[in-house]
Protein chains: 2
Amino acid sequence: MEAAIEILDKNGEDALTFRALAAHLETGSGAIYWHVADKDYLLAAATDHIVARVMADAARGSSPRDVIRAMANGLFDAIDGHPWVGGQLSRNPWQYAVLRLMEGIGSQVQALGVPERAQFNVVTALLSFMLGLAGQYAAGARLFPRDADRAEVRKAHLGAVAAKWMELDPAEHPFVRQVAKVLPEHDDREQFLAGIDLILAGMESIQKLGAP
Amino acid sequence: MEAAIEILDKNGEDALTFRALAAHLETGSGAIYWHVADKDYLLAAATDHIVARVMADAARGSSPRDVIRAMANGLFDAIDGHPWVGGQLSRNPWQYAVLRLMEGIGSQVQALGVPERAQFNVVTALLSFMLGLAGQYAAGARLFPRDADRAEVRKAHLGAVAAKWMELDPAEHPFVRQVAKVLPEHDDREQFLAGIDLILAGMESIQKLGAP
DNA sequence: ACCTGAACACCGTTCAAGT
DNA sequence: ACCTGAACACCGTTCAAGT
């Protein structure tokens with residue numbers, strides 16, 4: 001497990017092959033199949049390993065809102081540090097790591113006093129939003145797998161994307177061109193948390209509506 | 001392009017290979033590379049082909065809210081009919097189909113009078129939520145690629161998942177076990193639209209707060 | 001200009017044979 | 001009980017050679 005995570009962190013998603021892992025462990029590729037069902041299990045276990053720590057750390061917050069925000073923050077850090085986690089999370093919703101996220105978010109949503117029949121929708125909204133952005137950040141990281149100065153490379157990449165967007169037809173793409181202006185400067189983490197707050201605000205406004 | 005979509009629809013994501021496509025077109029696999037850069041382009045073009053129609057159809061709504069909901073509805077139909085679209089959308093955020101979604105949602109959010117500095121966050125929240133659920137539905141469809149009676153298979157699958165969740169430790173997984181009770185009966189489309197409404201409600205409550 | 005199809009450099013997975 | 005590593009059945013992509 002640790003060897004797998006090491007390979008994923010050092011060389012990216014695509015670098016984890018049974019051959020590479022076997023070489024790293026100085027064994028035959030077939031040997032791994034004695035301990036692990038298939039590649040899916042390998043990735044799911046590695047992902048859960050990391051998500052579990054995030055959830056445990058975040059649970060120590062004071063208010064339910066704080067805990068949810070801490071989970072989001074922790075998840076952001078995890079994906080930032082291990083981009084393959086984002087890809088794996090968004091690829092397979094039935095893996096244990098996703099269930100763990102669901103339980104963690106769900107218990108906080110319960111604590112916020114959301115009526116039971118609305119809880120599933122609220123939790124799914126939060127979860128889907130997180131998984132959606134997780135996939136996007138992972139895709140971004142896939143473009144520049146390993147680099148000493150990632151912040152710099154990222155900004156150059158966003159600048160190039162923005163420049164390409166600015167070349168689009170203004171009549172057909174007014175909004176995208178407007179976004180292009182702020183794209184290189186925008187803060188991913190801030191935007192991630194803003195989305196969480198937006199969903200929580202929607203939850204509250206619906207709550208008030210239901211019980212005036 | 002049409003041949004590629006045909007293969008994807010009939011046999012699922014994994015069935016689209018250059019060899020299969022070449023056989024379908026009665027040509028050599030190398031010939032396709034004369035017209036198409038690589039597999040990524042092939043999938044991105046096929047996806048945009050379908051998303052473009054969704055967005056064009058949805059744009060005919062009356063109010064901005066209706067248009068956004070129509071886009072979500074159309075996207076749901078598209079993913080329901082072509083599950084590979086969901087997978088492809090959630091995998092690559094820089095493809096044209098995603099930009100098309102962004103522009104479509106963005107113009108409606110602008111029309112709703114959201115202040116410019118908040119627009120990017122709102123649109124990202126809606127978009128990420130959509131892409132997140134898209135990936136989840138696509139993963140669900142990957143489990144039972146082709147079947148005459150998908151609704152039946154789906155329900156059986158969800159029933160099996162719910163049963164497995166019910167076996168989890170009640171002390172550690174109270175929320176997931178609660179969800180398990182309603183999981184087999186829940187309506188994916190309803191939940192998708194509920195999430196959209198939640199984000200829109202959050203947007204409105206923040207708008208009111210900003211300009212009292 | 002466009003097509004052919006063998007060849008290359010990989011995959012995940014299996015399995016007879018070993019210890 | 002656990003490991004070895006060749007073999008199988010695939011991939012995406014390239015490219016010399018054709019028309």
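The analysis underlying the following values was restricted to heavy atoms, covering all of them including side chains, and did not include hydrogens, waters or symmetry mates. Since we're looking at a predicted model, the values are computed, not measured. So you know, we letter chains A, B, ... as the sequences are listed, proteins then strands, and number each from 1.
- One P atom belongs to D:dC2, the other to C:dA17, and the distance between them is 22 Å to the nearest Å.
- To the nearest angstrom, P of C:dC11 lies 18 Å from CG of A:D40.
- Closest to the B:T27 side chain, of the nucleotides C:dG12, D:dG12, C:dT4, is C:dT4.
- When rounded to the nearest whole Å, the span between CG of A:D38 and P of C:dC11 equals 17 Å.
- Rounded to whole angstrom, the span from the NZ atom of B:K39 across to the C1' atom of D:dT14 amounts to 17 Å.
- Classification of the B:Y137-B:F192 ring pair by plane angle, with boundaries at 30° and 60°, yields perpendicular.
- The shortest distance between the side-chain N/O atoms of A:H35 and the OP1/OP2 oxygens of D:dC3 is below 4.0 Å.
- Summary of the strand contacts: B:S29 and A:A31 both lie near DNA chain C, and taking for each the nucleotide with the nearest heavy atom, the more 5' one is attributed to B:S29.
- In this structure, the CG atom of B:L42 is 10 Å from the P atom of D:dT13, given to the nearest Å.
- In this structure, B:L16 reaches the sugar-phosphate backbone alone: every heavy-atom distance under 4.0 Å involves primed, P, OP1 or OP2 atoms, never a base.
- Counting non-hydrogen atoms of neighbouring residues, nucleotides and ligands closer than 6.0 angstrom, the CZ atom of B:R53 reaches no more than 12 such neighbours.
- In this structure, CD1 of A:I32 is placed 14 Å from C1' of C:dC11, rounded to the nearest angstrom.
- Listed pair B:W34 / C:dC3 fails the phosphate criterion, with no side-chain N or O lying under 4.0 Å from OP1 or OP2.
- Across the protein-nucleic acid pair, A:Y33 atom OH and C:dG12 atom P stand 7 Å apart, rounded to whole Å.
- Put simply, CG on B:L43 is 10 Å from P on D:dG12, counting in whole angstrom units.
- Searching all strands for a Watson-Crick or G-U wobble partner of C:dC15 with both distances below 3.5 Å returns D:dG5.
- When all heavy atoms of A:L21 and A:A3 are compared, the closest pair comes out as CD1-CB, 3.8 Å.
- Closest heavy-atom contact between A:A138 and A:G87: CB-N, 3.2 Å.
- C:dG5 atom P lies 17 Å from atom CZ of B:F18, rounded to whole Å.
- The main-chain N or O of A:Q88 is found under 3.5 Å from a side-chain atom of A:Q95 such that the two form a donor-acceptor pair.
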